[in-house]
Amino acid sequence: MLFPAEDMRHVFELTAGIWTTTQRCLETALRPLSMTYPQFGVLLALLGQEGMTQRELGEMLQIDRTTVSVICDSLERHGWAERRPDPSDRRAKRVFLTPLGRETIARAQPIVWDAYAIVSDVLSAEDIAVVVPKLERLKAALKAAQGEGAADASAEG
């Protein structure tokens, strides 16, 4: 083993802590829009590729079907998105942004980007160029250990 177990534990604690703190920060920043960070993620995904099925959204965002359904329910309640039957598969629903959804995501994006900008105050572009590939390899290895995307784990790096 290259690293003592304590160092590896620290890597995982830091990673989890960064995610938890980031999520709390984003939830607080989005609260004035009555939006959660998961809702933001789905709206942003739809902005990039409208008309995805709930299954496709879940795969893209790496969230389970139940969670996607709950988020889509909340987006419909807010009037930000609507589900329509898939013409080629009567069991599937496709999700589309509403005009209010487009307006809301346009208001939310700068809030989230400002929160993300905190990273640029701490990490230089060079730091990010070094850190990101390492984090991607770690993520791929963890997915491979779960039996997902084993090919990704062997990616160069």
Side-chain angles (χ1 to χ4, degrees), residues 10-143 146 148-149 152 155 157:
H10 191 67
V11 167
F12 282 96
E13 286 176 352
L14 284 171
T15 305
I18 289 167
W19 168 243
T20 301
T21 304
T22 301
Q23 191 167 13
R24 276 192 218 124
C25 175
L26 292 168
E27 290 286 341
T28 300
L30 290 169
R31 194 169 294 132
L33 298 178
S34 299
M35 182 182 291
T36 65
Y37 187 60
Q39 289 170 331
F40 173 82
V42 171
L43 289 172
L44 189 63
L46 291 171
L47 189 61
Q49 185 178 339
E50 221 174 345
M52 282 191 280
T53 63
Q54 290 182 191
R55 177 184 214 136
E56 291 166 340
L57 277 167
E59 289 170 2
M60 174 187 273
L61 299 172
Q62 298 179 355
I63 52 180
D64 64 73
R65 288 184 190 185
T66 302
T67 302
V68 171
S69 182
V70 168
I71 293 170
C72 288
D73 287 345
S74 69
L75 295 178
E76 284 187 316
R77 277 194 304 276
H78 282 287
W80 297 336
E82 64 183 10
R83 288 179 274 205
R84 301 178 196 157
D86 183 330
S88 62
D89 181 354
R90 64 184 172 89
R91 297 166 297 166
K93 300 278 188 187
R94 296 207 168 262
V95 187
F96 294 86
L97 290 172
T98 64
L100 180 58
R102 287 183 183 286
E103 176 188 317
T104 304
I105 192 67
R107 290 174 51 211
Q109 282 180 293
I111 293 169
V112 172
W113 303 162
D114 285 348
Y116 286 170
I118 294 167
V119 172
S120 65
D121 294 340
V122 177
L123 298 175
S124 68
E126 294 81 18
D127 291 335
I128 291 170
V130 170
V131 169
V132 168
K134 293 179 186 310
L135 291 173
E136 287 174 341
R137 283 196 347 250
L138 178 59
K139 181 180 177 182
L142 291 169
K143 286 178 95 173
Q146 289 182 304
E148 304 174 13
D152 293 343

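What you are looking at is a predicted structure, and each value in this text was computed from that prediction instead of being measured.
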Practice problem: With sequence neighbours excluded, give me every side-chain hydrogen bond (donor to acceptor under 3.5 Å, both in side chains) pair touching residues 80-89. | Solution: Q54-R83, D73-R83, E76-R83, W80-T104, E82-R84, D86-S88, D86-R94, D89-R91

Quiz prompt | Separation of L30 CG from F40 CZ (nearest 0.5 Å) | solution = 7.0 Å

Self-check item: Distance (rounded to the nearest 0.5 Å) between R107 CZ and I105 CD1
Solution: 11.0 Å

Quiz prompt | Contacts of Y116 that satisfy ring-ring contact (aromatic ring centres under 6.0 Å, His included) - sequence neighbours left out | solution = W113

Self-check item: Beyond-backbone contact of V112 with Q109, side-chain heavy atoms, under 4.5 angstrom
Solution: no

Quiz prompt | L57 to A45 - nearest heavy-atom pair and separation | solution = CD2-CB, 3.8 Å

Quiz prompt | Set of side-chain contact (heavy atoms from CB on, under 4.5 Å) partners for I128, sequence neighbours left out | solution = V119, L123, V132

Quiz item: Between OG1 of T15 and CG of L138, what distance do you get to the nearest 0.5 Å?
Solution: 6.5 Å

Exercise. Walk me through it: do K139 and Q62 pass the test side chain to side chain contact (heavy atoms under 4.5 Å, CB included)?
Key: CA-CA 12 Å; K139 181 180 177 182; Q62 298 179 355; 3.5 Å; yes

Practice problem: Please round to the nearest 0.5 Å and tell me the distance separating atom OG1 of T36 and atom CD1 of I71. | Solution: 6.5 Å

Self-check item: Shortest non-hydrogen separation from A81 to L46 and the atoms involved
Solution: CB-CD1, 4.4 Å

Quiz item: Going by the salt bridge (charged side-chain N to carboxylate O under 4.0 Å, His left out) test, which pairs reach into residues 35-50, not counting sequence neighbours?
Solution: E50-R102

Quiz item: Within the side chain of E27, is there an N or O that forms a donor-acceptor pair under 3.5 Å with the backbone of Y37?
Solution: yes

Quiz item: From T28 OG1 over to I111 CD1, what is the distance, rounded to the nearest 0.5 angstrom?
Solution: 12.0 Å

Quiz item: If you round to the nearest 0.5 Å, how far is CD of Q39 from NE2 of H78?
Solution: 4.5 Å

Quiz item: With sequence neighbours excluded, what pairs up with S124 under the side-chain contact (heavy atoms from CB on, under 4.5 Å) test?
Solution: E126, D127

Quiz item: Are the side chains of L97 and L43 in touch, meaning some heavy atoms are under 4.5 Å apart?
Solution: yes

Exercise. Please identify each residue that fulfils side-chain contact (heavy atoms from CB on, under 4.5 Å) with R55, with sequence neighbours left out.
Key: T53, E59, R65

Quiz item: Do you know which two heavy atoms are closest between L26 and A115, and how far apart they sit?
Solution: CD2-CB, 3.4 Å

